4 protein chains.
Amino acid sequence: MGAMTEPATVFAEPRRGRPRSADADVAILAAALALAVEVGVRALSMDEVASRAGVSKATIYRRWSSKEALILDALRSAIEPVGAVDHGSLGADLRHYLSDMTARMTVSRGDVLPHLIEVACYDPAIRTSLDDWVRHRRAPLLAILERGVERGELPVDTDVELLLDALIGPFVYRRLLTGGAIDESVVERLLALVLPGI
Amino acid sequence: MGAMTEPATVFAEPRRGRPRSADADVAILAAALALAVEVGVRALSMDEVASRAGVSKATIYRRWSSKEALILDALRSAIEPVGAVDHGSLGADLRHYLSDMTARMTVSRGDVLPHLIEVACYDPAIRTSLDDWVRHRRAPLLAILERGVERGELPVDTDVELLLDALIGPFVYRRLLTGGAIDESVVERLLALVLPGI
Amino acid sequence: MGAMTEPATVFAEPRRGRPRSADADVAILAAALALAVEVGVRALSMDEVASRAGVSKATIYRRWSSKEALILDALRSAIEPVGAVDHGSLGADLRHYLSDMTARMTVSRGDVLPHLIEVACYDPAIRTSLDDWVRHRRAPLLAILERGVERGELPVDTDVELLLDALIGPFVYRRLLTGGAIDESVVERLLALVLPGI
Amino acid sequence: MGAMTEPATVFAEPRRGRPRSADADVAILAAALALAVEVGVRALSMDEVASRAGVSKATIYRRWSSKEALILDALRSAIEPVGAVDHGSLGADLRHYLSDMTARMTVSRGDVLPHLIEVACYDPAIRTSLDDWVRHRRAPLLAILERGVERGELPVDTDVELLLDALIGPFVYRRLLTGGAIDESVVERLLALVLPGI
DNA sequence: GATTAACCGAGACGGTACGTCACGTCTTTAA
DNA sequence: TTAAAGACGTGACGTACCGTCTCGGTTAATC
């Protein structure tokens with residue numbers, strides 16, 4: 001719950017007063033997610049979220065400082081990262097990760113991420129939170145590449161970060177800007193281009 | 001002026017009544033651009049644009065169909081594409097193009113493009129217009145790569161589109177999502193990764 | 001339209017731009033009055049007024065600066081003052097005026113005036129407007145008393161203002177505070193007490 | 001403590017459990033009164049009263065059923081009625097009472113009573129409580145007038161209630177509505193008008 | 001001494017209304 | 001016909017206050 005004003009997960013001294021309802025947390029996030037899927041992030045209104053969650057607006061604003069903070073958390077709660085499975089070889093690991101990623105890119109509505117990217121330009125808190133989320137999603141791929149270096153499948157002096165960006169960047173670019181194809185064949189051709197030996 | 005409802009530049013039959021003011025076009029675009037820079041795209045309001053341009057809102061909406069259409073045109077009018085100079089070799093051309101592009105990425109405020117990307121998710125007209133713009137900006141790089149094929153610097157069966165995405169994508173990805181470094185050294189290292197022989 | 005921000009009745013230089021809708025004025029006042037009667041002033045909400053008048057809240061707030069300013073104007077538009085009829089004698093005039101006044105006091109819901117009195121304590125604009133209204137309603141009785149002085153039915157040195165307060169005050173006091181009887185017989189007994197000769 | 005849900009002062013059977021804190025009673029009333037004077041009754045909020053009194057809102061609502069009930073009690077606790085002194089003659093008694101009353105009217109902020117009057121229109125409990133308070137404040141004057149009848153200074157068939165209203169009403173009327181003068185000279189002139197012989 | 005019942009401060013809760021803002025459209029008069 | 005000015009309906013925003021409800025913890029009278 002990164003963007004929350006006071007994360008409920010951190011337990012400090014026993015809080016005084018009536019504790020915040022955990023049910024409300026769940027109901028709000030669920031309502032926000034459902035609405036985002038149904039009508040899109042742009043048309044999502046806090047009144048409607050409150051109404052669906054059976055909660056007052058004040059209860060939402062007690063937890064999240066803005067609409068976008070809520071959306072970010074809702075998104076985060078919904079998307080689990082690609083699993084970090086080890087298939088024994090760099091090629092197999094990469095193919096698995098990238099296929100999974102492209103499948104997700106194709107399925108989901110395209111408006112949540114663009115919305116968050118924009119908001120992050122104005123709201124530092126969202127910026128931080130979005131950065132965390134990106135880091136979290138990159139982690140498995142980073143592990144795959146580092147394992148490749150350890151195994152000797154990649155040179156010791158590989159710039160892992162840049163390699164990662166070269167593998168992910170083209171898909172993000174197509175998704176957000178060019179509208180170009182995103183599928184298995186592109187994965188194969190990109191791998192052939194960037195990592196010819198694999 | 002791609003998104004305009006009726007482009008003033010195209011002259012059809014001589015129209016009746018008071019002609020549209022050409023000054024207004026300029027003033028509106030200038031005001032929109034200035035505001036976008038000052039307060040950001042998100043906080044830009046049409047009332048304020050009208051007020052700054054010394055123009056009524058109706059005058060704006062007679063020319064552009066929506067706020068985003070105006071912003072898109074304002075953006076377009078401000079950014080001239082990277083020049084299509086021929087330096088004689090693929091390596092020189094690429095280095096020139098990418099350096100220029102990274103320089104622009106570093107300088108400009110980062111909020112106009114993200115905003116348009118988001119809006120394009122909802123508004124097909126903006127989608128089309130944004131696609132045009134992207135195509136327009138990709139054109140010089142596409143020409144460079146095709147020239148490379150003609151010169152024999154690249155294999156004949158090169159997937160030029162994918163190669164282009166592999167060169168641009170990482171920068172877009174860093175710019176919009178990871179916040180990673182964007183500079184000359186990255187250009188060099190990316191070229192070394194994707195086109196080792198250059 | 002005393003409390004309006006810019007009274008539409010005062011014509012200064014010809015106003016530019018779209019003029020304010022006179023229909024909206026009427027509809028808003030009517031809706032406010034109807035609601036005040038139905039649910040009371042306290043339970044009257046601006047959203048409901050707007051909805052009933054088929055008007056947006058912004059349109060209301062463009063004309064009146066607050067809920068209370070609107071209520072005051074609505075009240076004023078609804079209550080015509082007691083007619084200033086001349087029955088030929090002080091006694092007849094007074095009996096007519098006071099009977100009429102007591103009848104109105106008994107009929108109307110009792111919450112509008114109390115509400116305005118309270119709000120006037122905090123809002124100087126309402127204060128002024130309420131004072132005007134009170135002056136306006138006192139005028140006929142003042143005329144009656146002054147006519148009594150001219151006719152010689154009252155001493156030349158009569159403190160007309162105080163006499164007026166002595167005739168009205170008891171009724172106001174009963175209405176607002178004691179809940180005491182307000183009827184014809186009280187009018188007679190009060191006249192016998194304050195103006196024994198009449 | 002008239003409006004209290006369960007008056008602490010009346011001791012019935014000894015209650016079980018922790019007794020209510022008498023300190024809290026005092027602190028709450030003091031805070032309410034201070035706030036009413038500072039910001040006015042309208043802007044007085046229960047959260048702020050609770051905060052100032054160092055008390056929880058629940059503690060307040062355990063004692064008073066509503067904001068207005070609290071305000072009424074706070075008002076009552078602050079204003080002691082005019083003393084019922086016997087100066088030997090009707091004229092002296094009246095002059096003393098009315099002078100005292102006018103002095104209080106001039107001094108105190110004018111917003112507490114108007115507020116209560118309004119609320120009493122909607123809340124029967126406040127209505128009852130306010131009526132009690134009014135009766136309590138009228139009592140000394142009523143005694144004065146009845147003593148006047150006993151002494152023979154007033155006719156035996158005097159309508160004492162109406163006479164009282166004729167003496168008080170004009171001041172209340174001026175205070176709440178006309179904004180007219182309230183001072184010693186008015187007292188004298190009113191007495192000369194209503195009770196010429198005194 | 002243990003139990004129990006009512007209290008306590010803190011503060012979260014659902015609800016409701018507030019007054020503001022921006023959008024894109026509409027209606028004036030003037031050029 | 002277009003222009004500037006500005007009012008219009010729509011609909012969401014985030015805030016404030018109401019009176020109620022949990023919390024963990026305290027304070028007497030009763031057992």
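None of these values were measured; they are calculated from a predicted model. Chain letters run A, B, ... following the sequence lines, proteins first, then strands; residues in each count from 1. Quick note: numbers below take in every heavy atom, side chains included, and nothing from hydrogens, waters or symmetry partners.
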Selection from F:dG19, E:dA22, F:dA28 that lies nearest to any side-chain heavy atom of D:Pro19: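 When the side chain of D:Pro19 is considered, F:dA28 is the closest of F:dG19, E:dA22, F:dA28.
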Listed nucleotide nearest any side-chain atom of A:Ser56, set F:dG19, E:dG14, E:dG9: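 Among the listed nucleotides, the one closest to the side chain of A:Ser56 is E:dG14.
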Think [X] has a side-chain N or O under 4.0 angstrom from the OP1 or OP2 of [N]?
X       : N      : answer
A:Thr59 : E:dG14 : yes
A:Arg62 : F:dT15 : no
B:Arg63 : F:dA3  : yes
D:Ser21 : E:dC7  : no
D:Arg20 : E:dC8  : no

Just the rounded figure in Å: distance from [atom2] of [N] to [atom1] of [X].
X       : N      : atom1 : atom2 : value
D:Asp25 : E:dC8  : CG    : C1'   : 13 Å
A:Glu68 : F:dG14 : CD    : C1'   : 13 Å
C:Trp64 : E:dC18 : CH2   : P     : 15 Å
A:Glu48 : E:dG15 : CD    : P     : 14 Å
A:Arg52 : F:dA12 : CZ    : P     : 13 Å
C:Leu70 : E:dA17 : CG    : C1'   : 15 Å
B:Lys57 : F:dC8  : NZ    : C1'   : 10 Å
D:Ile60 : E:dG11 : CD1   : C1'   : 14 Å

Along DNA chain E (nearest heavy atom to each residue), the more 5'-positioned of D:Gly54 and A:Gly54: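 This one resolves to D:Gly54.
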5′-ward residue of the pair B:Ala43/D:Ala58 relative to DNA chain E: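 Looking at the nearest nucleotide for each, D:Ala58 comes out on the 5' side.
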Which residue lies more 5' along DNA chain F, comparing A:Leu44 with D:Lys67 via nearest heavy atoms: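 The residue whose closest nucleotide sits nearer the 5' end is A:Leu44.
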Upstream residue (5' side of DNA chain F) when D:Ser45 and A:Met46 are each assigned their closest nucleotide: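 Counting from the 5' end, the first nearest nucleotide belongs to A:Met46.
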Calculate, to the nearest 0.5 Å, the distance between atoms [atom1] and [atom2] belonging to [X] and [Y] respectively.
X        : Y        : atom1 : atom2 : result
A:Leu116 : A:Cys121 : CG    : SG    : 11.0 Å
B:Asp123 : B:Thr128 : CG    : OG1   : 8.5 Å
D:Arg62  : D:Ser21  : CZ    : OG    : 11.0 Å

Under-3.5 Å donor-acceptor pair between D:Arg18 side chain and F:dT26 base: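 Counting by modelled atom types and ignoring angles, a donor-acceptor contact under 3.5 Å is found here.
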